[in-house]
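Scroll down for the structure; my scribbles are underneath it.
Just so we're on the same page: letters track the sequence lines, and every chain starts at 1.
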Protein chains: 2
Amino acid sequence: MSANSRLTIAAHALAWIGLYQRQGHEVATSEQIATSANTNPVVIRRLLGELRRAGLVESRRGVGAGWSLARELESMTLLDVYEAVEPGPLFAMHRATPDQGCVVGHGIQPAMQGIYEGIEETLRNELARVTLEHVLREVLAAPR
Amino acid sequence: MSANSRLTIAAHALAWIGLYQRQGHEVATSEQIATSANTNPVVIRRLLGELRRAGLVESRRGVGAGWSLARELESMTLLDVYEAVEPGPLFAMHRATPDQGCVVGHGIQPAMQGIYEGIEETLRNELARVTLEHVLREVLAAPR
DNA sequence: ACAGTCGCAACATTAATTGTTACGACAGAC
DNA sequence: GTCTGTCGTAACAATTAATGTTGCGACTGT
């Protein structure tokens with residue numbers, strides 16, 4: 001479905017910064033993270049900018065600039081990241097409004113919206129159960 | 001996120017056929033459904049074709065041709081529809097493979113895949129709890 | 001033979017994400 | 001005060017997926 005890797009890349013960036021800081025460094029640059037994620041630094045800066053707005057990371061400017069965590073990885077969940085970087089709802093409605101003169105065309109959108117709402121709530125609960133600390137631990141547990 | 005309305009349109013089509021059949025008609029045409037959903041008949045035929053492959057609907061050709069349900073709405077769930085019309089996973093990995101020389105770049109994909117798998121399983125369970133009969137009832141319950 | 005609809009392929013359009021380039025703003029080093 | 005490295009952001013290009021459209025052959029009841 002979604003060719004949408006924003007959540008994955010954002011988690012990647014956070015894990016990278018977290019690990020780098022544990023190795024004694026103050027800040028990580030968008031270029032370093034971009035190299036690890038094999039993408040463009042601007043893409044990383046955009047995503048981290050959204051995470052900063054959500055209070056998950058901080059940035060410093062000038063020489064020796066870069067990004068650092070605003071909170072412990074333990075206190076961040078995938079839900080925090082998801083809400084920071086994913087704008088819309090999971091499932092979309094019709095692109096053009098259906099025929100309001102038809103019973104089904106008229107009732108389908110409220111019906112599906114109500115159903116989708118419950119499903120997204122469940123998804124949110126699941127995302128909230130996974131911390132970024134957990135993600136980093138899983139990353140380090142990968143066989144090499 | 002996804003500007004992806006396939007599940008919504010497919011549910012719309014099934015509810016439409018179901019209601020139409022309850023009104024005494026044998027088959028529904030892609031043109032009728034397309035009018036209700038405010039889209040092109042070919043879009044409907046494509047979606048219904050996938051639902052037919054999944055055994056949810058049947059089609060007849062020739063004069064008086066059209067679509068009919070292969071099972072009761074009561075016995076179809078949104079999960080059946082979802083699996084029929086949504087190909088890929090919910091969350092995507094990196095577009096380009098991350099730097100395998102980096103610890104995080106190396107471990108991130110297996111880590112996230114494992115996490116996403118559990119989340120998608122939960123999503124599937126939620127979708128499986130909603131029958132198309134329920135959808136149609138919600139549709140008809142909408143205030144006019 | 002005819003008419004209506006599906007089946008399917010080919011192509012166009014739209015929209016979202018991702019990638020790239022460019023340049024000003026900022027802050028520490030010298 | 002200048003220099004250097006990095007962020008901040010805008011503008012635009014490239015890529016991809018979904019959706020929309022057209023065309024025409026296949027099928028089947030009349």
- Message: Please tell me whether Leu14(A) and Val27(A) are part of a single hydrophobic cluster in this structure, the criterion being side-chain heavy atoms less than 4.5 Å apart.
- Response: no

[X] [atom1] - [N] [atom2] separation (whole Å):
X        : N       : atom1 : atom2 : answer
Glu50(A) : dT18(C) : CD    : P     : 10 Å
Ile44(B) : dT5(C)  : CD1   : C1'   : 15 Å
Met93(B) : dT17(C) : CE    : P     : 18 Å
Arg60(B) : dG29(D) : CZ    : P     : 8 Å
Leu51(A) : dG8(D)  : CG    : P     : 12 Å
Leu47(A) : dG8(D)  : CG    : P     : 13 Å

- Does Gln100(B) use its side chain to pair, donor to acceptor, with the backbone of Pro98(B) at less than 3.5 Å? yes

- Message: Under a 3.5 Å distance rule, please check whether Thr8(A) uses its side chain to pair with a backbone N or O of Ala92(B) as donor and acceptor.
- Response: yes

At under 4.0 Å, does any side-chain N or O of [X] touch on OP1 or OP2 of [N]?
X        : N       : answer
Thr39(A) : dT18(C) : no
Ser59(B) : dG7(C)  : yes
Arg6(B)  : dT19(D) : yes

- Message: Restricting to ring pair (Phe, Tyr, Trp, His ring centres under 6.0 Å), what partner residues turn up for His134(B), sequence neighbours left out?
- Response: none

Distance-only donor-acceptor pairs under 3.5 Å for side chains of residues 61-69 of chain A, two or more places apart:
none

- Query: The side chain of Asn40(B) lies closest to which of these nucleotides: dT22(D), dG19(C), dT17(C)?
  - Reply: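 Among dT22(D), dG19(C), dT17(C), the one nearest the side chain of Asn40(B) is dT22(D).
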
Could you write out each protein N or O paired with an N or O of nucleotides 8-14 of chain C at a distance under 3.5 Å?
none

- Message: Test of understanding: with salt bridge (Lys or Arg N to Asp or Glu O under 4.0 Å), list the residues that count as partners of Glu26(A), not counting sequence neighbours.
- Response: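 With sequence neighbours excluded, Glu26(A) shows a salt bridge (Lys or Arg N to Asp or Glu O under 4.0 Å) to Arg60(A), given in chain and number order.
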
- Item | Proximity to DNA chain D (any heavy atom under 4.0 Å), residues of residues 7-32 of chain A only | Thr29(A), Ser30(A)

- Message: So if I take residues 96-109 of chain A and measure heavy-atom distances to DNA chain D, which residues fall below 4.0 Å?
- Response: none

- What residues form a side-chain hydrogen bond (donor to acceptor under 3.5 Å, both in side chains) with Thr131(A), not counting sequence neighbours?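 side-chain hydrogen bond (donor to acceptor under 3.5 Å, both in side chains) check on Thr131(A) returns nothing, list empty.
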
- Query: Of all residues at least two apart in sequence or in a different chain, which pass the side-chain hydrogen bond (donor to acceptor under 3.5 Å, both in side chains) check with Arg144(B)?
  - Reply: none

- Item | Nearest atoms (heavy-atom pairs only) where Leu78(A) meets Ala11(A) | CD2-CB, 4.4 Å

- Message: Does the plane of the ring in Tyr82(A) sit parallel, tilted or perpendicular to the ring in Phe91(B)? Use 30° and 60° as the thresholds.
- Response: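 Rings of Tyr82(A) and Phe91(B): perpendicular, over 60°.
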
For residues 118-125 of chain A, run the donor-acceptor check on the side chains, cut-off 3.5 Å, and write out each pair with its distance to 0.1 Å, sequence neighbours left out.
residue: Glu120(A); atom: OE2; partner: Leu90(A); partner atom: N; Å: 2.8
residue: Thr122(A); atom: OG1; partner: Gly118(A); partner atom: O; Å: 3.2
residue: Thr122(A); atom: OG1; partner: Glu126(B); partner atom: OE1; Å: 3.4

- For side chain to side chain contact (heavy atoms under 4.5 Å, CB included), just list the numbers for Ile9(A) and His94(B), CA-CA rounded to whole Å, side-chain angles, deciding distance to a tenth of an Å, and then say yes or no. CA-CA 7 Å; Ile9(A) 304 286; His94(B) 308 63; 3.4 Å; yes

Please table the atom pairs, donor to acceptor, closer than 3.5 Å between any side-chain atom in residues 46-57 of chain A and protein atoms at least two apart or in another chain.
residue: Glu50(A); atom: OE1; partner: Arg6(A); partner atom: NH2; Å: 3.0
residue: Glu50(A); atom: OE2; partner: Arg6(A); partner atom: NH2; Å: 3.0
residue: Arg52(A); atom: NH1; partner: Ser59(A); partner atom: OG; Å: 2.8

- Between residues 61-73 of chain A and DNA chain C, which residues have a heavy-atom gap below 4.0 Å?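 Per residue number, the list reads Arg61(A), Gly62(A), Val63(A).
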
In residues 33-44 of chain B, what donor-acceptor pairs under 3.5 Å come from side-chain atoms, sequence neighbours left out?
residue: Thr35(B); atom: OG1; partner: Glu31(B); partner atom: O; Å: 3.0
residue: Ser36(B); atom: OG; partner: His12(B); partner atom: NE2; Å: 2.8
residue: Asn38(B); atom: ND2; partner: Thr97(A); partner atom: O; Å: 2.8
residue: Asn40(B); atom: OD1; partner: Val42(B); partner atom: N; Å: 2.9

